[in-house]
Amino acid sequence: MPQTASPTTLCTDIAGIPVVKLAQQFGTPVYIYVASKIVERINDLKAFNVTIRYAQKACSNLAILNLMRQQGLLIDTVSAGEIHRALAAGFKPYYNNIPTIVYTADVFDRQALELVQKYKLHVNIGSIDMLHQIAIPGQDVTLRINPGFGHGHSKKTNTGGDQSKHGIWYEQIDTAIALARKLGLRVTGLHMHIGSGTDMEHLAKVCGAMEIAALKVGVGLTTISAGGGLPVPYQPLESHINLPEYFGLWDATRHHLEQEFGHSLNLEIEPGRYLVAESGYLVTEIRAVKYQAANLFYLVDAGFNNLARPTFYGAYHPMAIALLDSKIDSTSNQEELDVVVGGPLCESGDIFTQAEDSTVLKRRLPKAKVGDYLVIGIVGAYGFTMSSNYNSKPLAAEVLIKLDQKPYLIRTRQTLDELMHGEIIP
Ligand SMILES: *Cc1c(COP(=O)(O)O)cnc(C)c1O
């Protein structure tokens, strides 16, 4: 866990609060978020001349959105539901003519289009059909361009290139710009989001593609967006991205274009993962410890219904054990074992220690027994928001340790009755 250099260790507390106390107060499985970590990451980015727009799909609890708003961030939405959440969290559609809420998608479903038209929201357009559909005369729009190449930490998160459904294909930019003009829309923004896992060589290619696209749009352009995709270190030996280098490249592109156009340009960034991933912990209780031949399994009360990334992508998350018996000194030599960690679902893929090709892996963890807690780290992004009711499992509770260092319940655990909400026997 982040508290120590070792990824395989005992974990006694989260932000100074004992794990056992959190588990006993809120039950398990429970997501715990640490606000001070989110603010730390926001401040990393605020050190640069950039507008930060939070991509809420990473973690969209209202209390998290409220924190982002209080920190002065703008917000990105990808669905009618996310627009509804942004409004409920107190975001207004515009502030001083700056679009506070942006809708980014490759399609308008009918519900989203209705909300976009009702609030005249700024749209980041990912398909030419959306230009025909938006029908708000005089509206400013952003075009999301697929530059013809991509990058992502897995095939499923690669958001550029000809295998990706995202964005307007770069060879169709001229068509899109001409159509926008004909329809009375003003193209004021350009956006390229090409997946998390950015390396600098690749980023330089993206910046080059952005400059070419920007020159086609011309002087009406006011904002360029680098999209999201700032990586975070999940593995023990990985480190944080070099932000000065990252912003150096984007700033150079911005300056080239400012000289070309003779006016200043906004640079926006749209991070999800970077702001929230490291703030989140999933606290689970070990409910069975068993050997299958030579393989030792810890089976916990959370499954891929709560955290899907290991099953979907073979994603690695750090894990630690919190012993129920707090009299055991965490600095004493606790015996360690190689274990497979799985959940309760009736599905063989319900394993938290697996490779991208689904091979079951072992993790070195302290010896533990039923009733001890297993804490999974770096789950603040795409953790709760990808959870489901599969196997009729209730959604977990969520807790935010606010800046006052106290834990607050920010979502009640779903009840068994709520599982059937809306169902009808005709
Ligand atoms: C998902 C997404 C993001 C956020 O990506 P992260 O990897 O979480 O930073 C930003 N912008 C768009 C358009 C997205 O679809």
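Bear in mind the structure is a predicted one, so any value in this text is a computation, not a measurement. As the structure lists them, so they are numbered: ligands from 1, and atoms in each ligand from 1.
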message: Side chain or backbone, does Asp76 bring an N or O within less than 3.5 Å of an N or O on ligand 1?
response: no

- request: Below 4.0 angstrom from a heavy atom of Pro271, which ligand 1 atoms are there? Numbered from 1 as shown, please.
  value: 9 (O)

Numbered atoms of ligand 1 (with element) below 4.0 Å of Ala55, judged on heavy atoms: 3 (C), 4 (C), 10 (C)

- prompt: Taking heavy atoms and a distance under 4.0 Å, where does His193 meet ligand 1: side chain, backbone, both or neither?
  reply: side chain

message: Within the 3.5 Å criterion, strictly below it, is a donor on Glu268 or Thr51 matched to an acceptor on the partner's side chain?
response: no

query: Who are the salt bridge (charged side-chain N to carboxylate O under 4.0 Å, His left out) partners of Glu398, not counting sequence neighbours?
result: Arg411

task: Please determine if Val78 has a nitrogen or oxygen closer than 3.5 Å to a nitrogen or oxygen of ligand 1.
output: no

statement: Rounded to the nearest 0.5 angstrom, the CZ-CG distance for Phe149 and Asp162 is 12.5 Å

- prompt: Can you find an N/O atom of Gly272 closer than 3.5 Å to an N/O atom of ligand 1?
  reply: yes

task: Give, for atom CZ of Arg85 and atom CD1 of Ile64, the distance between the pair rounded to the nearest 0.5 Å.
output: 11.0 Å

- request: Could you list which atoms of ligand 1 come closer than 4.0 Å to a heavy atom of Gly228?
  value: 9 (O), 10 (C), 11 (N)

- request: Taking only heavy atoms of Lys57 into account, list the atoms of ligand 1 that are under 4.0 Å away from them.
  value: 1 (C), 2 (C), 3 (C), 4 (C), 14 (C), 15 (O)

query: Does the N or O separation between Tyr382 and ligand 1 drop below 3.5 Å for any pair?
result: yes

message: Less than 6.0 angstrom from the centroid, inside 45 degrees of the normal: does Arg363 satisfy that with respect to the ring of Tyr298?
response: no

- prompt: Does at least one non-hydrogen atom of Ala381 fall below 4.0 angstrom from an atom of ligand 1?
  reply: no

message: If you count every heavy atom of other residues, nucleotides or ligands that lies below 6.0 Å from His255 atom NE2, does the total exceed 12?
response: yes

Result block: side-chain N/O donor-acceptor pairs under 3.5 angstrom for residues 172-180, not counting sequence neighbours:
residue: Asp174; atom: OD2; partner: Lys216; partner atom: NZ; Å: 3.3

query: In a check of side-chain hydrogen bond (donor to acceptor under 3.5 Å, both in side chains) between His122 and each of Thr142, Thr104, Thr100, Asp140, which one passes?
result: Thr142

message: Arg273 versus ligand 1: do any nitrogen or oxygen atoms come within less than 3.5 Å of each other?
response: yes

task: For Thr104, counting its heavy atoms only, list the atoms of ligand 1 lying under 4.0 Å from any of them.
output: 13 (C)

Geometric N/O contact Arg144 with ligand 1, under 3.5 angstrom: no

message: Surrounding OH of Tyr95 (heavy atoms of other residues, nucleotides or ligands, distance under 6.0 Å), is the total greater than 12?
response: no

- request: For Gly229, counting its heavy atoms only, list the atoms of ligand 1 lying under 4.0 Å from any of them.
  value: 5 (O), 6 (P), 7 (O), 9 (O)

